[in-house]
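Structure first, commentary second.
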Amino acid sequence: MSTDAQRGRVNFDASFDAFIAAGELRIPQSKDGKIMGLTARTALAGWDTDVNWVTASGKATLYSYVIYHQQYDPDRPTPYNIATVELAEGPRLISVVIIDDLADLEVGMALTAEFDGDGRLVFRPAE
């Protein structure tokens, strides 16, 4: 069985998740200033020493979303949304948009990142 380490790759999931758990939205940036995507959080070996975790602005755009009307989780009443948001810095994340009326969701709308009362990263429409 081949693992990321055996293939000479570094996985950034643990670092990203640790920042989220600490209430910080950070994204990996190479020493030469290139932002790395978060949808594929692996990079060639050696990047682990060449990466800085920079604080993201928290500004984002709603890239796509779905609204669920069937309850899959007893702790999440329906209807609810799952959204792909694009950070101003470029990477895309899967999250939720906290909004009073789901009918107001619109692809391209400006969003702002925040952490909810349980420490989860969520997005709200920008003021």
Side-chain angles (χ1 to χ4, degrees):
M1 179 161 77
S2 178
T3 65
D4 282 341
Q6 291 169 330
R7 289 191 303 259
R9 299 176 77 80
V10 177
N11 190 311
F12 293 124
D13 284 347
S15 295
F16 180 78
D17 292 344
F19 286 120
I20 295 297
E24 300 178 38
L25 177 55
R26 292 185 179 235
I27 53 178
Q29 180 183 51
S30 65
K31 300 263 183 188
D32 63 1
K34 294 178 184 167
I35 297 293
M36 298 176 63
L38 292 171
T39 54
R41 287 181 250 167
T42 58
L44 295 176
W47 276 67
D48 57 335
T49 58
D50 291 338
V51 169
N52 293 318
W53 285 87
V54 297
T55 301
S57 67
K59 295 177 183 177
T61 303
L62 182 58
Y63 184 80
S64 68
Y65 67 92
V66 295
I67 298 174
Y68 285 89
H69 296 278
Q70 181 172 342
Q71 190 169 18
Y72 294 100
D73 181 342
D75 294 331
R76 186 174 289 196
T78 59
Y80 65 92
N81 70 82
I82 301 294
T84 301
V85 299
E86 185 171 76
L87 298 177
E89 294 81 5
R92 293 181 186 151
L93 301 171
I94 304 298
S95 188
V96 299
V97 177
I98 306 300
I99 192 167
D100 292 331
D101 187 348
L102 291 174
D104 291 337
L105 286 172
E106 186 175 323
V107 169
M109 71 188 305
L111 303 171
T112 303
E114 65 179 56
F115 291 89
D116 70 10
D118 294 324
R120 292 178 294 216
L121 176 64
V122 297
F123 290 82
R124 290 190 186 271
E127 296 292 323

Query raised in the report: Should the pair Y68 and Y80 be assigned to parallel (<30°), tilted (30 to 60°) or perpendicular (>60°) ring geometry?
Result: parallel

Query - Minimal non-hydrogen separation, D118 against D116, with atom names - result: N-OD1, 2.9 Å

Query - Pairwise side-chain contact, F19 with T55, heavy-atom cut-off 4.5 Å (strictly under) - result: no

Requested in this report: Please check if any side-chain donor atom of E89 sits under 3.5 Å from a side-chain acceptor atom of S57, or the reverse.
Outcome: yes

Query raised in the report: Are the side chain of R92 and the backbone N or O of T84 linked by a donor-acceptor pair below 3.5 Å?
Result: no

Requested in this report: Quick one: closest heavy-atom pair of P28 and W53, and the distance?
Outcome: CD-CZ3, 3.4 Å

Query raised in the report: Which pair of heavy atoms, one from P125 and one from I98, lies closest together, and at what distance?
Result: CD-O, 3.3 Å

Query - From I35 atom CD1 to I27 atom CD1, the distance as rounded to the nearest 0.5 Å - result: 4.0 Å

Report summary line: Rounded to the nearest 0.5 Å, the CG atom of L87 sits from the CG atom of L25 at a distance of 5.5 Å

Query - Qualifying residue for side-chain contact (heavy atoms from CB on, under 4.5 Å) with V96, from V122, L121, V85 - result: V122

Query raised in the report: What about V97 and V66, same hydrophobic cluster or not, with Ile/Leu/Val/Met/Phe/Trp/Tyr joined at side-chain heavy-atom distances under 4.5 Å?
Result: no

Report summary line: For V54 and Q29, the nearest pair of non-hydrogen atoms, with its separation, is CG1-OE1, 3.1 Å

Query raised in the report: Nearest 0.5 Å, what's the OG1-NZ distance between T112 and K59?
Result: 8.5 Å

Report task. Hey, could you give me the CG/CD1 distance between L105 and I99, rounded to the nearest 0.5 Å? Result -> 4.5 Å

Query - Distance (rounded to the nearest 0.5 Å) between F123 CZ and E114 CD - result: 9.5 Å

Requested in this report: Supply the atom-to-atom distance S30 OG to N52 CG, rounded to the nearest 0.5 angstrom.
Outcome: 8.5 Å

Query raised in the report: Has the side chain of D101 got a donor or acceptor atom that lies under 3.5 Å from a matching backbone atom of A103?
Result: yes

**Report entry** Y63 atom OH, over 12 foreign heavy atoms within 6.0 Å
**Finding:** no

Query raised in the report: According to a 4.5 Å side-chain heavy-atom criterion applied to Ile, Leu, Val, Met, Phe, Trp and Tyr, with indirect links allowed, do V107 and I82 form part of one hydrophobic cluster?
Result: no

Query raised in the report: Are there more than 12 heavy atoms of other residues, nucleotides or ligands under 6.0 Å from atom CG of D100?
Result: no

